[in-house]
Amino acid sequence: MCMRVAFRVARTAALSAPFGARVFPVRSADDAEAFSEWLSTRTLVAVDTEATGLDVFCAGWRLRLTQIGDAGSAWVFEAGGEFESVRRAALYSGVGLIFHNAPFDLHALGMLDLFPFAFDTAMMSHLVDPSRRHGLKGLTTDLLGSDAGEGEKLLKAHFSANGWTGGTGWAEVDLRNEDYVRYAGLDAVLTFRLFEKLKATIEARGMGHLLAFERRLAHLMAKLTDRGMLVDKAYAAQLGVQLTADAQVAEDKAAMMGVSNPRSGKQIREALLLAGVKLTKRTPTGEFSTAEAVLETVDHPLAEAVLDLRSAQKSNKAYVAGTLELLGVDGRSHPWIRPLGARTGRMSVSKPPLQQLPSGDPTIRRMFVADPGNLMGASDYQGVELRVLAALAQEKVMLQAFKDGADLHQMTADAARVSRKVGKMANFLTVYGGGPTALASQAKISHAEAKKALRGFNRAYPGVKRWSDTVQSKAARDGYMVTTVTGRVLPLDRDRIYAAVNYLVQSTARDILAQAILRIEEAGMFDNVLMLVHDEVLWQAPKAEAEEFAVEMGRIMSVDDFYGVAITTDSEVYGPNWGSGYE
DNA sequence: TCCGAGAGCGCC
DNA sequence: AAACGGCGCTCACGGA
């Protein structure tokens with residue numbers, strides 16, 4: 001009997017959280033035993049983690065809490081605590097695991113091998129409504145009607161009361177602070193509730209196959225993040241010094257012209273107007289624009305200095321410093337990949353933004369090098385979006401042209417009686433939903449000429465406009481949404497129905513690459529993949545096999561017959577670094 | 001001091 | 001008839 005009493009007393013007091021959630025810290029053997037009892041009756045649990053910050057791969061980053069819960073309660077484990085083995089065994093017990101942003105938590109836990117057991121409510125939210133914001137707080141408010149922001153507000157107040165910011169508080173707050181533990185536990189509970197809601201919608205809509213597909217893809221993308229890319233640190237540091245100097249030169253020039261901060265649009269506008277420069281183009285808020293397209297037409301040394309500064313600054317801060325500051329303790333860059341980053345389903349890459357490195361010169365890309373003994377290379381689709389457009393529209397002339405291996409840009413140019421360059425722009429703009437105004441400004445031709453060119457396009461490929469009109473009117477009838485051939489539902493902004501064509505093309509092209517990635521894995525070639533850039537796979541292979549690998553990669557990615565169009569690839573061995581492909 | 005919208009710009 | 005799509009990052013600026 002005495003033992004029983006001691007048993008009870010050793011339980012840590014539960015915390016009450018908003019929305020009827022109960023939070024149980026696991027700090028004693030009895031807590032752990034109660035947890036295990038609870039777990040033994042579950043087949044599915046929600047899991048969340050708290051850490052010192054978001055940069056999992058950087059020195060000093062630490063996991064702090066792991067929360068495991070269901071619709072009513074959450075159990076909170078302290079990192080480095082006595083019961084880590086209990087937590088670990090629980091996660092590996094075979095139960096289904098629900099995360100909100102699984103890639104972050106599974107990286108934080110160092111348990112990527114649990115991906116096959118993982119569901120992700122952020123991923124599910126994207127499948128249900130890609131245009132929604134997928135943050136836990138916003139989703140909870142939208143779907144569950146409970147404003148989950150309250151707990152975070154309390155915590156942020158606690159942070160600032162202690163002199164911490166939103167950035168530092170997560171590392172500083174006491175592991176046993178009640179608001180912290182309550183907030184942490186609540187997130188797991190809300191994630192569980194979200195899952196139930198989203199799962200029902202996905203099942204009702206018959207989107208289970210897409211969910212299964214995305215779960216496989218997400219696992220592979222997490223492996224890419226984990227693999228990362230080797231960085232030539234010495235080269236990068238030296239490049240940073242050079243770019244800093246370049247920026248300083250431009251800044252000094254601007255200063256001599258009386259502009260103390262050439263990063264300020266306000267100062268640039270005022271100085272140029274004062275110098276008698278006529279500015280006409282305006283931004284949406286009505287101010288004179290100082291964008292590159294404007295400044296390159298301005299005959300004034302200040303314009304040149306500003307553009308030089310912007311260019312050096314961008315490369316230096318966003319790419320070089322951005323890469324070095326986020327470098328992992330292993331000397332590698334570990335970019336975050338969001339497999340469903342865009343509302344069209346396109347992937348996005350951040351920290352660092354490897355899909356946006358300058359392609360006009362190799363200096364930035366040269367920071368990223370192949371592993372010893374390997375060469376880098378890339379395989380990309382040849383004009384995939386135009387091919388997808390032809391396929392979806394079943395445009396006869398385009399279909400035949402692709403079969404014949406004709407030059408589509410030249411064909412458009414011939415039909416519209418413009419240069420190949422303008423013909424190419426017209427092709428792209430059609431994919432983007434652009435009109436004559438856009439073509440005129442981009443091609444630097446008159447509005448009348450642009451109209452004529454687009455009329456030429458429509459004459460040459462009548463099926464495109466026919467399909468576009470059909471898609472748009474159907475989209476309006478269907479409640480402003482379109483469905484891709486892969487079953488993705490894409491909502492449209494009602495004042496931009498014309499974007500339907502682009503959404504369908506972009507989303508379909510994304511799925512063509514995504515499906516290729518799964519084929520690459522099945523072929524046993526995924527371990528060589530380093531990065532994806534929308535229509536391109538960047539890879540590395542041992543020197544002696546690189547050429548052969550390039551051919552095989554191109555073959556696996558190719559699609560022989562996509563609704564009547566071949567989706568062809570171009571494969572190239574770059575060299576020892578990413579930049580060697582851009583020299 | 002912090003936060004967020006806006007402008008600008010890099011990519012496909 | 002006309003309608004340029006999708007991201008991530010940095011900085012300046014203004015309001016809380």
Side-chain angles (χ1 to χ4, degrees), chain A residues 130-131 156 159-160 163-167 169 261-269 281-295 306-307 309-311 313-319 321-323 325-326 335-338 340-361 364-365 380-381 383-385 389 425-443 447 450-451 454-455 465 468-469 472 490 492-493 495-507 509-510 513 531-536 582:
Chain A
S131 60
K156 289 284 166 75
F159 285 3
S160 52
W164 308 321
T165 66
N261 187 357
R263 293 169 188 81
S264 161
K266 191 161 170 266
Q267 288 195 24
I268 298 166
R269 274 195 295 277
K281 189 166 177 274
R282 291 180 186 268
T283 67
T285 57
E287 300 287 357
F288 286 119
S289 166
T290 68
E292 186 178 15
V294 172
L295 295 189
V306 167
L307 291 178
L309 173 67
R310 284 179 185 165
S311 164
Q313 164 110 4
K314 178 99 178 179
S315 289
N316 195 18
K317 300 285 182 175
Y319 304 133
T323 296
E325 280 163 19
L326 288 164
W336 288 100
I337 302 173
R338 299 173 61 206
L340 290 168
R343 58 192 289 183
T344 55
R346 250 199 189 183
M347 297 186 211
S348 67
V349 175
S350 62
K351 294 183 168 191
L354 295 189
Q355 290 184 319
Q356 289 130 267
L357 305 185
S359 57
D361 100 63
I364 301 291
R365 290 182 195 244
D380 68 333
Y381 288 119
V384 60
E385 296 202 329
L389 174 68
M425 285 181 184
N427 285 346
F428 271 109
L429 274 164
T430 305
V431 171
Y432 292 159
T437 312
L439 180 58
S441 89
Q442 191 169 324
H447 197 266
K451 267 175 100 161
L454 289 176
R455 266 205 303 275
K465 183 160 166 39
S468 168
D469 289 346
Q472 291 182 52
L490 308 176
L492 300 163
D493 298 335
D495 54 340
R496 295 192 312 138
I497 304 190
Y498 63 85
V501 167
N502 178 258
Y503 281 23
L504 287 172
V505 170
Q506 190 180 105
S507 189
R510 180 275 188 190
L513 181 70
M531 190 42 55
L532 307 161
V533 193
H534 304 308
D535 64 349
E536 171 188 352
Y582 292 79

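Note on naming: letters A, B, ... go to the chains in the order of the sequence lines (proteins, then strands), and numbering restarts at 1 for each one.
A distance of about 24 Å separates the C1' atoms of C:dA3 and B:dC11, rounded to the whole Å. Nucleotides B:dA5 and C:dC11 are separated by 13 Å at their C1' atoms, to the nearest Å.
At whole-Å resolution of the value, CZ in A:Arg510 and P in C:dG5 are 21 Å apart. Between the P atom of C:dC7 and the CE atom of A:Met531 lies a distance of 18 Å, rounded to the nearest Å. Rounding to whole angstrom units, CE of residue A:Met347 and P of C:dG8 are separated by 13 Å. Between the CG atom of A:Leu340 and the P atom of C:dC7 there is a distance of 12 Å, given to the nearest Å. Atom CG in A:Leu357 sits roughly 18 Å away from atom P in B:dC9 (whole-Å rounding). Taking atom CZ of residue A:Arg343 and atom C1' of nucleotide C:dG8, one finds them 17 Å apart after rounding to whole Å. Computed from coordinates, the A:Arg269 CZ to B:dG8 C1' distance equals 12 Å when rounded to whole Å. At whole-Å resolution of the value, CZ in A:Arg338 and C1' in C:dG6 are 12 Å apart.
Heavy atoms of A:Phe428 sit nowhere under 4.0 angstrom from any nucleic acid atom. Across all strands shown, A:Thr290 has heavy atoms under 4.0 Å from sugar-phosphate atoms exclusively, and none from any base. Within 4.0 Å of A:Val349, counting heavy atoms only, lie sugar-phosphate atoms of the nucleic acid but no base atom. Nucleic acid contact for A:Ser311: none, since no nucleic acid atom lies under 4.0 Å from a heavy atom of the residue. Across all strands, A:Glu292 comes closer than 4.0 Å only to sugar-phosphate atoms, never to a base (heavy-atom distances).
Under the rule for a side chain to side chain contact (heavy atoms under 4.5 Å, CB included), the partners of A:Gln313 that lie at least two apart in sequence or sit in another chain are A:Arg263, A:Leu309, A:Lys317. Take A:Ser131 and apply the side chain to side chain contact (heavy atoms under 4.5 Å, CB included) test, not counting sequence neighbours, and it matches A:Asp129, A:Arg343, A:Pro491. Taking A:Arg338 as the reference, A:Ser348 meet the side chain to side chain contact (heavy atoms under 4.5 Å, CB included) condition, with sequence neighbours excluded. Among residues two or more places apart in sequence or in another chain, the side chain to side chain contact (heavy atoms under 4.5 Å, CB included) test is passed with A:Ala342 by A:Thr344, A:Arg346.
Other residues, nucleotides and ligands place no more than 12 heavy atoms under 6.0 Å from the CZ atom of A:Phe428.
A close approach under 4.0 Å does not occur between any side-chain nitrogen or oxygen of A:Thr285 and OP1 or OP2 of B:dG6. For B:dG8, the OP1/OP2 oxygens have no side-chain nitrogen or oxygen of A:Arg310 closer than 4.0 Å. Distances shorter than 4.0 Å separate some side-chain N or O of A:Ser348 from OP1 or OP2 on C:dG8.
In the set C:dC9, B:dA7, C:dG5, the nucleotide with an atom closest to the side chain of A:Ala318 is C:dC9.
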Can you pull every protein N or O that's under 3.5 Å from an N or O on nucleotides 11-14 of chain C?
residue : atom : partner  : partner atom : Å
C:dC11  : OP1  : A:Gln313 : NE2          : 3.2
C:dA12  : OP1  : A:Asn261 : ND2          : 2.7
C:dC13  : OP1  : A:Ser264 : OG           : 2.7

Extract from the structure each pairing of a protein N or O with an N or O of nucleotides 2-4 of chain C at less than 3.5 Å, listing the distance.
residue : atom : partner  : partner atom : Å
C:dA2   : OP1  : A:Lys451 : NZ           : 2.8
C:dA3   : OP1  : A:Thr437 : OG1          : 2.3
C:dA3   : OP2  : A:Thr437 : OG1          : 3.3

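Screening residues 347-360 of chain A for salt bridge (Lys or Arg N to Asp or Glu O under 4.0 Å), with sequence neighbours left out, gives A:Asp55-A:Lys351. Residue pairs satisfying the side-chain hydrogen bond (donor to acceptor under 3.5 Å, both in side chains) criterion with at least one member in residues 430-439 of chain A, sequence neighbours excluded, are listed as follows: A:Thr437-A:His447.
For the atom pair CZ (A:Arg510) and CG (A:Leu340), the distance works out to 5.0 Å, reported to the nearest 0.5 Å.
One can find a donor-acceptor pair under 3.5 Å joining the base of B:dC12 and the side-chain atoms of A:Arg346.
The closest side-chain donor-acceptor pair between A:Tyr319 and A:Arg365, if any, does not fall under 3.5 angstrom.
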Scan the side chains in residues 287-295 of chain A for donor-acceptor partners under 3.5 Å anywhere in the protein, sequence neighbours excluded, and list what turns up.
residue  : atom : partner  : partner atom : Å
A:Ser289 : OG   : A:Ala291 : N            : 3.1
A:Thr290 : OG1  : A:Arg310 : NH2          : 2.9

